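What follows is a set of notes on a single structure, which appears directly below.
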Amino acid sequence: MRGPRLGDAGVVATETRTSAGELRAFLHGLPGVDQVGADERAARLATRSIKTSAKAEAIDLAISMVDLTTLEGADTPGKVRALCAKGVRPDPADPGVPKVAAICVYPDLAGVAAEAVRGTGVGVASVATAFPSGRAPLEAKLADTRAAVAAGATEIDMVIDRGAFLAGDYLKVHEEIVATRQACGDAHLKVIFETGELATYDNVRRASWLAMRAGADFIKTSTGKVAPAATLPVTLVMLEAVRDFRDATGRQVGVKPAGGIRTTKDAIRYLVLVNETAGPDWLTPRWFRLGASSLLNDLLMQRRKLATGVYSGPDHFTKD
Amino acid sequence: MSERARLGVRKTYKLFIGGAFPRSESGRSYVVNDAKGRFLANASRASRKDVRDAVAAARKASGGWAARTPYNRGQILYRVAEMLEGRRAQFADELRAAGAGKNAAASEVDEAIDRWVWYAGWADKLGAVAGSANPVSGPFFNFSTPEPTGVVGIVAPDSPLLGLVSVVAPAIVSGNAAVVVASEPAPLPAVTLAEVLATSDLPGGVVNLLTGRRGELAPWLASHMDVDAIDLAGASPDAVRELEEAAAGNLKRVLRPSRQDWSAEPGTARMTAFLETKTVWHPVGV
């Protein structure tokens with residue numbers, strides 16, 4: 001099944017002058033999402049059985065895609081350093097385990113994380129723009145972003161202003177993303193929609209196109225602070241959007257589901273979804289990430305089960 | 001109204017994992033016959049993944065169960081005995097189907113209930129009997145208390161009710177959670193016991209019960225790195241060595257099978273087999 005297509009690719013203007021009216025007309029001109037169909041499609045793909053060597057490969061791929069995340073009020077520099085050590089060498093007993101893609105922290109700890117992962121190839125992702133609510137003046141959001149980049153963050157996870165989006169003020173959301181994009185400099189920009197607050201799949205599709213047009217390098221489902229967080233159907237809609245966006249403009253955008261992905265089975269379901277929706281081009285840490293914390297231990301447990309033949313237990317892996 | 005033949009509503013015998021009654025994830029079942037070889041029921045034939053799920057459920061439940069006061073655990077176990085009492089006839093029927101005579105079945109049910117009550121009474125006495133205040137040379141009050149081991153795997157013996165009760169109750173009374181592989185030839189009383197446990201305030205996951213092939217399930221339980229101890233009461237003698245070796249992977253406590261007369265006075269050995277000792281040095285005086 002291919003998702004709905006845009007009739008005229010020439011309509012898509014990227015990072016050019018945008019008026020509120022044009023933006024609104026464009027986003028509301030996107031074909032609607034068949035909600036039942038999307039749910040059904042995601043549920044059916046989730047039943048795919050991935051076993052033995054394919055599973056081993058999927059586990060390693062999933063580990064390399066993890067944005068190992070700690071976003072707690074109680075985060076300390078020590079905890080972040082421990083998390084970085086874990087991200088660089090997830091299983092000290094097995095050097096064959098790949099590194100995670102990035103460590104995701106609050107901006108004030110981006111410097112600690114950058115120091116801890118220097119030279120390892122692991123990225124530092126920092127949430128910014130008044131994460132998780134996004135309720136702050138634009139200047140504060142941009143200052144937040146610049147501080148994170150200056151501290152060494154190589155990726156910025158920004159949140160959109162859901163209030164403005166739901167009120168129909170797409171231009172404000174667009175301009176915030178463009179401004180944050182500029183404040184990022186060389187850092188990659190991931191745009192978080194908080195799909196749990198967007199209410200409909202149509203809104204998810206609109207938010208995806210809006211963010212991609214505004215220059216997002218990645219689109220991300222959720223902050224992890226709101227339930228429901230990432231779900232398969234929402235990710236399906238976003239994967240269709242990045243696929244169609246590349247067809248229309250030639251620019252590839254990554255996808256990051258985050259929140260609620262806790263088991264290896266969940267992670268593999270997402271990988272199947274990526275392969276079947278956007279295609280194998282997205283099956284790399286460059287274009288697909290999993291925002292998670294407890295997922296990594298489950299992946300390691302499954303990996304050890306495959307390696308040793310006996311079930312492992314959570315006692316045998318570090319908590320953070 | 002004319003007499004019409006009524007279709008009986010037959011019970012589906014399922015597994016008991018985390019307080020719920022799922023079928024085996026494998027979808028398999030096996031035929032359970034009565035002592036005369038006639039068909040009794042289809043029981044679920046659990047797979048290694050059911051073992052995995054049961055261990056995860058037990059691990060999740062063990063902390064909360066261990067944190068309850070011994071008094072509360074005793075109350076809950078006594079409640080289980082009350083529920084057992086209400087199902088005496090059903091258990092007696094199931095034991096008769098498994099080959100016991102009428103009187104033998106009734107008395108085994110009574111013994112099983114009495115055994116459960118006996119163990120329930122131990123909940124708040126175990127600490128006093130297995131713990132101690134230790135004389136030490138120094139200004140310390142030094143005391144040892146028994147703590148639950150954690151998740152206990154149990155390969156239940158063939159005695160379908162009394163034997164089962166005699167291995168499950170001592171494991172959980174001290175605060176352990178259990179994953180039980182029921183008797184392979186006579187699993188139906190075990191499933192009925194699970195229904196009793198499910199309706200008696202025992203938190204879901206404290207006891208998880210699997211039916212199926214012992215030879216298939218026991219090795220996965222013995223090798224599982226998140227199981228802290230294993231009771232091999234019902235393991236076949238030629239499998240014991242291999243199971244013990246698998247259990248050594250994470251230094252499980254192992255209770256070897258022994259010739260056991262389940263109707264004899266049980267003693268405390270089965271309770272103390274699944275305990276750890278915590279010793280505290282508390283400064284005093286000065």
Side-chain angles (χ1 to χ4, degrees), chain A residues 43-56 58-59 62-63 86 89-97 227 232 260-269 272 292-320, chain B residues 17-18 22 25-27 46-64 66 147-153 176-179 181 205 208 210 216-230 242-254 276:
Chain A
R44 181 167 304 184
L45 288 174
T47 63
R48 288 275 173 91
S49 183
I50 307 291
K51 298 292 178 204
T52 61
S53 57
K55 183 175 180 184
I59 288 174
I63 292 174
K86 178 156 187 163
R89 262 193 100 171
D91 184 354
D94 184 354
V97 180
L232 286 169
I261 309 168
R262 294 199 180 83
T263 65
T264 300
K265 208 171 252 181
D266 289 341
I268 291 178
R269 284 174 182 158
V272 170
S293 37
S294 58
L295 169 67
L296 182 58
N297 268 7
D298 198 68
L299 287 165
L300 294 174
M301 267 165 53
Q302 293 278 338
R303 199 177 188 282
R304 197 173 283 182
K305 157 73 178 65
L306 287 176
T308 62
V310 303
Y311 283 115
S312 194
D315 283 357
H316 302 271
F317 298 94
T318 55
K319 277 235 172 73
D320 290 315
Chain B
I17 298 175
E25 63 78 36
S26 64
S47 68
R48 66 180 171 89
K49 294 193 177 177
D50 294 311
V51 172
R52 175 198 64 187
D53 293 348
V55 171
R59 174 59 65 197
K60 202 170 161 205
S62 72
E147 302 267 319
T149 296
V151 173
V152 179
N176 294 303
V179 176
V181 179
N208 303 275
L210 307 173
E216 180 189 354
L217 302 176
W220 289 106
L221 202 50
S223 66
H224 200 303
M225 299 295 273
D226 205 25
V227 174
D228 303 307
I230 189 162
E242 208 174 309
L243 292 174
E244 279 197 70
E245 280 176 6
N250 68 335
L251 308 179
K252 284 182 190 63
R253 291 187 179 278
V254 176
E276 309 296 321

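These numbers come from a predicted model, not from an experiment.
Under the side-chain hydrogen bond (donor to acceptor under 3.5 Å, both in side chains) criterion, B:Arg253 pairs with B:Glu276, sequence neighbours left out.
Surrounding NZ of A:Lys55 are more than 12 heavy atoms belonging to other residues, nucleotides or ligands, all under 6.0 Å away.
Taking CZ of B:Arg48 as the reference point, atom NZ of A:Lys305 lies at 4.5 Å (rounded to 0.5 Å).
For A:Pro314 against B:Asp226, the heavy-atom pair with the smallest separation is CD-OD2, 3.4 Å. Taking every heavy atom of both residues into account, B:Met225 and A:His316 meet most closely at O-NE2, 3.2 Å.
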